[in-house]
Colleague: 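This is the structure I have questions about; it appears just below.
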Protein chains: 2
Amino acid sequence: MPEQKTNSDTRDRILDVAERLFMENGYEATSMRMITGAAEVNLAAVNYHFGCKEALLREVFRRRLGWLNDNRLQALDRLEAQAGGGALKPSQILEAFFGTLLRMGEDKTLGGMTFLRLLGRTLTEPAEFIRTFFASEYAEVIDRYKQALYRALPDVPQAEIVWRLHFMLGAMSYAIAGTDVLRVVTGVEVDDLAGERPVQDDDTIRARRLAQRLMPFLLGGLRAPLPQFDEPAGTQQELPSKAAKESRPGT
Amino acid sequence: MPEQKTNSDTRDRILDVAERLFMENGYEATSMRMITGAAEVNLAAVNYHFGCKEALLREVFRRRLGWLNDNRLQALDRLEAQAGGGALKPSQILEAFFGTLLRMGEDKTLGGMTFLRLLGRTLTEPAEFIRTFFASEYAEVIDRYKQALYRALPDVPQAEIVWRLHFMLGAMSYAIAGTDVLRVVTGVEVDDLAGERPVQDDDTIRARRLAQRLMPFLLGGLRAPLPQFDEPAGTQQELPSKAAKESRPGT
DNA sequence: GCCTCGTTCAAACGTTCGTTTTAATTTTAG
DNA sequence: CTAAAATTAAAACGAACGTTTGAACGAGGC
């Protein structure tokens, strides 16, 4: 019966290798034999320790998402405690949500950029078991942050906030999913551009740079003026009270 | 005279079905037998008409991306002509790039939302042949729009513009990839929120609504204030540092 | 010693994959 | 009309897939 008691390093080696290979090739294109071969364990070890391939993928995520979403909730708790019942600033909320994630990319013991890229790519996988798994893992944290954003932006229709949360998740996932995706479309390495220091092969620097660039973008999008709907039903109000509506970058 | 069952009928039926199934299941999880079965053609017809499965996927995209990127270039040509050598407004550039795409979602003869969702999901596929194919298909249009953005935002470092272009592509792809992805994370249907009229099953309305909400977000992100870099050894604000590294309490 | 039990191992299971083959059929052209 | 070419049909190919099997291994308690 597959029941783990001891902390066999076989189990962890499988998880580490699977995490990397799922990221590099995707779930379907990564075979059990690729995983067990790279991990130098027997082919049957995966089924013994995890049951089946689907369960292996779930476990790869469970061991990381547990930490991630726990810390996200704790970060939100801290903010709300020190706000003493008042509404939080949108920037605080985004920092707690996205910053916690991006900080995982700096810590190899938390999966580093490998896990972040895997997460970004897997969020678009259409397989049903993946979608339902993510839904259950994310349900609580998304609900808490949604409520926080509702309070932080009382003048913005809630549907609009959900849409923008969606947009932000997309921007983050693509940004995370790697330089790869960008290179596909732009044809260049981001790091090679505009006199920037060549990046050393260090996930810490990569993750920190990404965070520094992503957060302003997300905040700008979140606080953008509301769209004007071309429907007969009335005109929407303008921007939420926040400033920085027409701020041009630079200058 | 026999039926109009010409060869191109078989070819197009395969392409239409493959487009839909690749969108629903992803490339790897869609088998030739699923495609030929749903298209009601013989199994060998795919290999006869397209050569192999990879070439089929490429052809599915080629017939759409050709129109898309041609129109994107034409839209940019029009804008630059009427600007008479001057710089364009960022909103014009985004409208030409993303608006052209989103308008495909309103036109069933151009693939409609099915193709848009497929495109959004496929951009993250890690398979090498897909990446190189997209790189060649997108090379010209991306370069043109990049240059236009450089001129439109002369005070913004070019590396920053490339990053934000990346973020915008990500937000768009996720938004496009469907309500599915959002439902995974939020657990709700977007259309059910905040007193919005339930959407009728009409891709035209869906695509138009998406465009109206996405464009302000993208523009807000593109023009957000530039990030402050903490160049010397980490003197940034002390955010909730990594505490409680291995916590998975309750849940 | 022997027994137990969690783990590893080599081998094989049945299924499905993308592709090819061979023959029949339809379309095209002189 | 006839022959060649184009297209479809049915069956089979070998390879790879996820999974299962049953025996062997190795440490710990009696």
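A note on names: the letters A, B, ... follow the listed sequences, proteins ahead of strands, and every chain is numbered from 1. Heavy atoms only: backbone and side chains are in, while hydrogens, waters and symmetry mates are out.
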Colleague: Any idea which heavy atoms bring B/Asn42 and B/Thr36 closest together, and the distance?
Modeller: O-CG2, 3.5 Å
Colleague: Looking at residues at least two apart in the chain, or sitting in another chain, which of them share a side chain to side chain contact (heavy atoms under 4.5 Å, CB included) with A/Leu73?
Modeller: A/Glu140, A/Val141, A/Arg144
Colleague: Under the side chain to side chain contact (heavy atoms under 4.5 Å, CB included) test, which residues partner B/Ala96, sequence neighbours left out?
Modeller: B/Ala75, B/Leu79, B/Tyr145
Colleague: Rounded to whole Å, how long is the line connecting atom CZ of A/Phe50 with atom C1' of C/dT7?
Modeller: 13 Å
Colleague: Can you check nucleotides 9-13 of chain C for protein contacts, nitrogen or oxygen pairs under 3.5 Å, and list what you find?
Modeller:
unit_1: C/dC9; atom_1: OP2; unit_2: A/Asn42; atom_2: N; d: 3.4
unit_1: C/dA10; atom_1: N7; unit_2: A/Asn42; atom_2: ND2; d: 3.3

Colleague: Report the distance from atom CG of B/Asn25 to atom P of C/dC17, rounded to the nearest whole Å.
Modeller: 11 Å
Colleague: Less than 4.0 angstrom between a side-chain N/O of A/Thr10 and OP1 or OP2 of C/dT8, yes or no?
Modeller: yes
Colleague: Go through the structure and list residues passing side chain to side chain contact (heavy atoms under 4.5 Å, CB included) with B/Met215, not counting sequence neighbours.
Modeller: B/Leu94, B/Glu95, B/Phe98
Colleague: What's the closest nucleotide to the side chain of A/His49 if the choices are C/dT8, C/dG18, D/dG18?
Modeller: C/dT8
Colleague: Rounded off to whole Å, could you give me the CZ-to-P distance for the A/Arg13 and C/dT7 pair?
Modeller: 14 Å
Colleague: Can you check the B/Glu28 CD to C/dG18 P distance for me, whole Å?
Modeller: 9 Å
Colleague: ring-ring contact (aromatic ring centres under 6.0 Å, His included): which pairs involve residues 110-129 of chain B, sequence neighbours left out?
Modeller: B/Tyr27-B/Phe129, B/Phe61-B/Phe115
Colleague: Is the shortest side-chain N/O distance from B/Ser31 to OP1 or OP2 of C/dT16 below 4.0 Å?
Modeller: no
Colleague: Ignoring the backbone of B/Tyr48, work out which of D/dA6, C/dT7, C/dT19 is nearest its side chain.
Modeller: D/dA6
Colleague: Mind calculating the distance between CG (B/Asp9) and P (C/dT27) to the nearest angstrom?
Modeller: 12 Å
Colleague: Can you sort out the partners of A/Glu125 under salt bridge (Lys or Arg N to Asp or Glu O under 4.0 Å), two or more places apart, ordered by chain and number?
Modeller: none
Colleague: Which residues pass the side chain to side chain contact (heavy atoms under 4.5 Å, CB included) test with B/Asn47, sequence neighbours left out?
Modeller: B/Met32
Colleague: How many whole angstroms separate atom CE of B/Met32 from atom C1' of D/dA12?
Modeller: 16 Å
Colleague: Please work out the stems of DNA chain D from pairs that are Watson-Crick or G-U wobble with both distances under 3.5 Å, keeping only runs of three or more consecutive pairs.
Modeller: C:4-30 with D:1-27
Colleague: Got a sec, which pairs hit salt bridge (charged side-chain N to carboxylate O under 4.0 Å, His left out) with one end in residues 31-48 of chain A, sequence neighbours left out?
Modeller: none
Colleague: The side chain of A/Asn47 is closest to which nucleotide in this list: C/dT19, D/dT8, D/dT19?
Modeller: D/dT19
Colleague: For the backbone of A/Phe97 and the side chain of A/Arg72, can you confirm whether one donor and one acceptor N or O come within less than 3.5 Å of each other?
Modeller: yes
Colleague: With a non-hydrogen cut-off below 4.0 angstrom, is B/Thr30 in contact with a base, only sugar-phosphate, or nothing?
Modeller: sugar-phosphate
